[in-house]
Each structure stands twice: as C-alpha cells, then as structure tokens.
There are 2 protein chains.
Amino acid sequence: MLSSSIAASVVQALAVRELRLTANRRAVLAALEHGQRPLTTEEVAVASSVPVSTVYRNLAELVEAGIVARVAGASGGDRHELAEAFSEHHHHHLVCIECGIVTDFTPSAQLERLIEKEVGALPDRVGFEVTHHVFDVRGRCRDCTRT
Amino acid sequence: MLSSSIAASVVQALAVRELRLTANRRAVLAALEHGQRPLTTEEVAVASSVPVSTVYRNLAELVEAGIVARVAGASGGDRHELAEAFSEHHHHHLVCIECGIVTDFTPSAQLERLIEKEVGALPDRVGFEVTHHVFDVRGRCRDCTRT
DNA sequence: ATCGCTTTGAGAACGATTCTCATTCACAGT
DNA sequence: ACTGTGAATGAGAATCGTTCTCAAAGCGAT
Ligand SMILES: [Mn+2]
Ligand SMILES: [Mn+2]
Ligand SMILES: [Zn+2]
Ligand SMILES: [Zn+2]
C-alpha cells in the first residue's frame with residue numbers, strides 16, 4: 001500500500017507529464033517504498049505483481065518524472081528507489097561487487113557540503129550542466145566478506 | 001601503437017595471470033590509451049580492428065588483471081579506460097545523461113582527502129570492505145546543452 | 001619440429017530491455 | 001450514467017549487449 005502522504009505529491013509530479021496514478025503505478029511505487037533497498041526491475045515485478053513489460057514502462061516514466069531514481073548496481077540490471085524528494089533525505093550507496101546488493105549510506109555533512117561546492121563550480125568551469133552527483137562506495141558487503 | 005613505457009608494466013600484470021601480451025591485446029590497450037575518453041566495447045572494436053567477441057573477452061581479462069577499469073556510463077553499454085596505475089592519476093567522471101559521453105574530471109585534493117577519510121572508516125563502521133569509490137557527476141555536457 | 005597451453009573468431013545462445021499493437025481503462029465533458 | 005479521447009495495459013516479438021562454444025591458429029619452452 002502506497003502511503004497517502006507520498007501519493008499526494010506523486011499525483012502532482014505525474015500530472016505535469018499527463019500521467020495518471022493508476023493501480024499499477026501505485027503497486028510499483030508501494031514496492032519501492034517498502035523495499036528497504038534499491039530493487040531490480042524483476043524484484044519490483046514480483047513484489048508488485050505487475051507484468052514485467054509494464055514495470056519496465058512504468059519505471060522509465062517514473063524516472064523521467066523524477067519520482068524514481070535509478071541506481072547503478074554492480075551487475076544484473078539497474079536498481080530503483082524512490083527519488084529523494086519522495087522518501088528519505090539525500091544519501092549514497094554501498095554497492096557489493098560480489099552479490100550486487102546495494103545499501104544506503106549517509107556521509108558526513110561536511111563531505112556533502114564540499115561535494116556541493118565543488119560540483120556547483122562545474123557549469124562555469126567546463127560548461128557541464130549538473131543534475132546530480134553519484135558517490136558510491138564499492139566493495140564487499142559484510143555477508144560476502146565472511147566466505 | 002601502445003607506448004612502450006606502459007607495455008612494460010602491462011606485461012608484468014598480465015604475467016601474474018598467465019596471460020600474454022598478444023597483438024590483439026596491444027591493439028585494444030592502444031585504443032584505450034589514445035582515446036581521450038572512456039570507450040564502449042564497440043568503440044574499442046572499431047578503433048582496434050579486433051573482432052567484437054575477442055574485444056569482450058580481452059577487456060574482461062584486462063579488467064580482471066587490473067589493467068583496465070570499467071566505467072559506468074549513462075546507457076548503451078559500459079565504458080573502459082586504462083586503470084589509474086597505468087595512465088593518469090586518480091580522477092572522476094562527468095557523465096552526460098543525454099549522449100552518454102563520459103569525460104574526466106579531477107576534484108580538489110581537499111575533497112579527495114575527505115572522501116578517503118570517510119571511506120576508510122566504513123570497514124569498522126558497517127563491516128563493508130571497500131575496494132574503491134565512484135564519484136560521478138551527471139548532467140548534460142556542453143554539446144547537449146545547446147539544443 | 002613437437003608438445004602443451006593460450007588465444008582467436010564466427011556464430012549460436014542468452015538475458016535484459018524495448019517495441020508493437022489490439023484491448024482496456026480513466027477522466028472530462030455532456 | 002453515457003460517450004469520446006487519449007492514456008495504460010500486457011503478451012509476445014524484436015532488439016541489443018554480452019557470454020558461450022568449439023574448432024582452428026599461435027606461442028613458448030623443450
Ligand atoms: Mn538508496
Ligand atoms: Mn576517466
Ligand atoms: Zn554482498
Ligand atoms: Zn552529451
């Protein structure tokens with residue numbers, strides 16, 4: 001079940017693109033809201049009971065609308081989570097290069113500030129129009145370490 | 001043509017895995033050395049005139065041997081560049097979400113230091129064994145901005 | 001030259017993602 | 001409630017990047 005607090009703002013964001021909040025999209029978003037990690041398309045399909053082709057289409061639209069964020073996993077397909085405006089605060093990821101699992105991680109405020117500052121200078125410096133930054137840490141998760 | 005300075009250390013790194021520096025591998029590495037951006041597998045195949053299946057196999061082996069680094073692009077296949085030990089210093093990437101092009105970018109030493117410090121604390125903090133970090137900036141490149 | 005191992009390359013196989021299109025649905029009038 | 005219009009759906013085909021297969025060729029040591 002998609003929490004109603006989110007639903008309100010989601011409807012708005014969808015409306016801009018003339019998209020509707022259908023039962024399928026509700027189910028997809030609910031899956032992302034309740035999954036505690038970024039999910040693969042397949043995982044979303046299973047968790048939401050929405051046909052795969054529709055999940056692909058919907059996730060693409062939701063990403064386009066800024067409601068869902070694509071997270072680059074280690075392999076085996078992209079993962080997805082609710083965009084920051086619709087869920088948690090800003091955060092980054094620990095990506096396990098062994099099992100592919102992605103978990104959240106929040107760096108210090110100091111690091112974020114410095115990143116913001118540095119990234120903010122890019123447009124003037126090299127003419128690159130920044131939409132966001134990705135700061136992922138890659139390695140082996142606790143589980144994959146003890147083997 | 002692969003510069004001889006690199007060739008020396010490459011041979012060593014290959015030897016560890018009992019791999020040889022063949023003409024094909026030379027061509028693949030030369031393509032990466034002279035391309036000024038991370039290249040897709042297809043681009044490497046074209047630039048090196050090595051058959052696609054061999055390029056895939058070789059790139060995988062070279063990545064495994066730590067000679068080549070895989071760079072996550074925006075879409076349309078992974079990209080590759082010479083690993084830092086065999087080319088430039090440590091750096092990061094500007095990824096264009098429109099055309100997929102990836103260009104290098106070096107943040108301030110201060111930012112790198114802070115990242116190192118923060119990343120270095122992760123093993124003790126959450127049991128995550130770090131191999132490396134990814135700090136990519138995403139957005140639109142200069143070319144894709146003026147449209 | 002010969003042996004034992006690595007490498008090669010064309011194509012088949014595969015898995016993830018996108019496309020197609022006939023059908024169904026949602027919402028805004030009326 | 002009824003209707004019209006465009007959005008959404010879903011099953012399967014098509015596509016695309018990548019991996020696999022295997023017979024032929026290459027390399028280095030003896
Ligand atoms: Mn996350
Ligand atoms: Mn680079
Ligand atoms: Zn793991
Ligand atoms: Zn671009």
Side-chain angles (χ1 to χ4, degrees), chain A residues 2 7-8 10-31 38-65 67-68 70-80 97 99-100 102, chain B residues 2 7 10-31 38-65 67-80 97 99-100 102:
Chain A
L2 181 66
V10 163
V11 170
Q12 291 205 334
L14 284 173
V16 176
R17 311 244 163 182
E18 311 196 288
L19 298 177
R20 300 162 184 174
L21 181 50
T22 63
N24 277 341
R25 290 192 184 127
R26 266 180 199 284
V28 164
L29 290 170
L39 306 177
T40 62
T41 307
E42 193 58 38
E43 289 171 339
V44 171
V46 171
S48 63
S49 301
V50 171
V52 192
S53 64
T54 298
V55 171
Y56 272 105
R57 192 178 339 102
N58 283 353
L59 283 176
E61 291 158 343
L62 291 166
V63 166
E64 192 66 26
I67 298 164
V68 167
R70 248 194 256 282
V71 174
S75 66
D78 288 345
R79 286 168 179 269
H80 307 78
I97 59 179
C99 69
V102 177
Chain B
L2 181 65
V10 163
V11 170
Q12 291 205 333
L14 284 173
V16 176
R17 312 243 163 183
E18 312 198 286
L19 297 176
R20 300 162 185 173
L21 181 50
T22 62
N24 277 341
R25 292 193 183 125
R26 266 180 199 283
V28 164
L29 290 170
L39 306 177
T40 61
T41 307
E42 193 57 38
E43 288 170 341
V44 172
V46 170
S48 64
S49 302
V50 171
V52 191
S53 63
T54 298
V55 171
Y56 271 105
R57 191 177 341 100
N58 282 354
L59 283 177
E61 292 158 343
L62 291 166
V63 166
E64 193 66 27
I67 299 163
V68 168
R70 248 193 255 283
V71 174
S75 65
D78 287 346
R79 286 169 178 269
H80 307 78
I97 58 179
C99 70
V102 177

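Every heavy atom of this structure was used, including side-chain atoms; hydrogens, water molecules and symmetry mates were not. Numbers restart at 1 for each chain; the letters A, B, ... are given by sequence-line order, proteins then strands. Treat the numbers as computed from the prediction; the structure is a model and nothing was measured.
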Check your understanding: Shortest non-hydrogen contact from B/A47 to B/A31?
Key ->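 Nearest pair, atom of B/A47 first, then B/A31: CB-CB, 4.0 Å.
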
Check your understanding: Any idea which heavy atoms bring A/E43 and A/P38 closest together, and the distance?
Key ->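 Taking A/E43 first and A/P38 second, the nearest heavy atoms are OE1-O, 4.2 Å.
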
To the nearest Å, give me how far apart [atom1] ([X]) and [atom2] ([N]) are.
X     : N      : atom1 : atom2 : result
A/E61 : D/dG10 : CD    : P     : 13 Å
A/N58 : D/dA7  : CG    : P     : 15 Å
A/L19 : D/dG6  : CG    : C1'   : 12 Å
A/L21 : D/dA8  : CG    : P     : 11 Å
A/L59 : C/dT18 : CG    : P     : 10 Å
A/R70 : C/dA16 : CZ    : C1'   : 12 Å
B/D78 : D/dC16 : CG    : P     : 18 Å
B/R57 : D/dT18 : CZ    : C1'   : 13 Å

**Study point:** Charged N-O contact under 4.0 Å between B/R17 and B/E64
**Key:**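 B/E64 and B/R17: salt-bridged.
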
Side-chain N or O of [X] less than 4.0 angstrom from OP1 or OP2 on [N]?
X     : N      : value
A/R25 : D/dA8  : yes
A/R20 : D/dA8  : no
B/N24 : D/dG26 : no

Point to revise | Student check: side-chain heavy atoms of A/R79 and A/T40 closer than 4.5 Å | key: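 A side-chain contact under 4.5 Å exists here.
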
Review point. So do B/Q12 and B/V16 actually touch side chain to side chain, heavy atoms under 4.5 Å?
Key: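 No, their side chains stay 4.5 Å or more apart.
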
Check your understanding: So, does A/R25 use its side chain to make a donor-acceptor pair with the main chain of A/N58 at under 3.5 Å?
Key ->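 Looks like no, no N/O pair under 3.5 Å.
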
Check your understanding: Is there a donor and acceptor pair, one atom on the side chain of B/S53 and one on the base of C/dA10, closer than 3.5 Å?
Key ->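 When only heavy-atom distances are counted, B/S53 does reach the base of C/dA10 through a donor-acceptor pair under 3.5 Å.
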
Practice item. Please list residues of residues 40-51 of chain B whose heavy atoms come under 4.0 Å from any atom in DNA chain D, ordered by number; otherwise none. Key: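 B/T41, in order of number.
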
Review point. Just how far is it from atom NE2 of B/H80 to atom CG of B/L62, taken to the nearest 0.5 Å?
Key: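 CG of B/L62 is found 9.5 Å from NE2 of B/H80.
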
Review point. Between C/dG9, D/dA7, D/dT9, which one does the side chain of A/T54 approach most closely?
Key: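 Of the candidates, D/dT9 comes closest.
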
**Study point:** Nucleotide of D/dG6, C/dG9, C/dT17 approaching A/Y56 most closely (side-chain heavy atoms)
**Key:**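 In terms of side-chain proximity for A/Y56, the closest of D/dG6, C/dG9, C/dT17 is C/dT17.
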
Point to revise | The single option from A/V52, A/V55, A/V50 passing side-chain contact (heavy atoms from CB on, under 4.5 Å) against A/V44 | key: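 Per the side-chain contact (heavy atoms from CB on, under 4.5 Å) rule, the option paired with A/V44 is A/V55, out of A/V52, A/V55, A/V50.
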
**Study point:** Earlier contact from the 5' end, DNA chain D, for A/E18 and B/A60
**Key:**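 Closest to the 5' end, via its nearest nucleotide, is A/E18.
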
Exercise for review: Let me see the working for A/L21 and A/L29 under side-chain contact (heavy atoms from CB on, under 4.5 Å), right down to the final yes or no.
Suggested key: CA-CA 10 Å; A/L21 181 50; A/L29 290 170; 4.3 Å; yes

Review point. Got a sec, which residues hit side-chain hydrogen bond (donor to acceptor under 3.5 Å, both in side chains) with A/R57, two or more places apart in sequence or on another chain?
Key: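 A/R57 satisfies side-chain hydrogen bond (donor to acceptor under 3.5 Å, both in side chains) with no other residue.
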
Point to revise | Axial bend angle, the helix from C/dA1-D/dT30 to C/dT30-D/dA1: five-pair end segments, nearest 10° | key: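 The value is 30°.
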
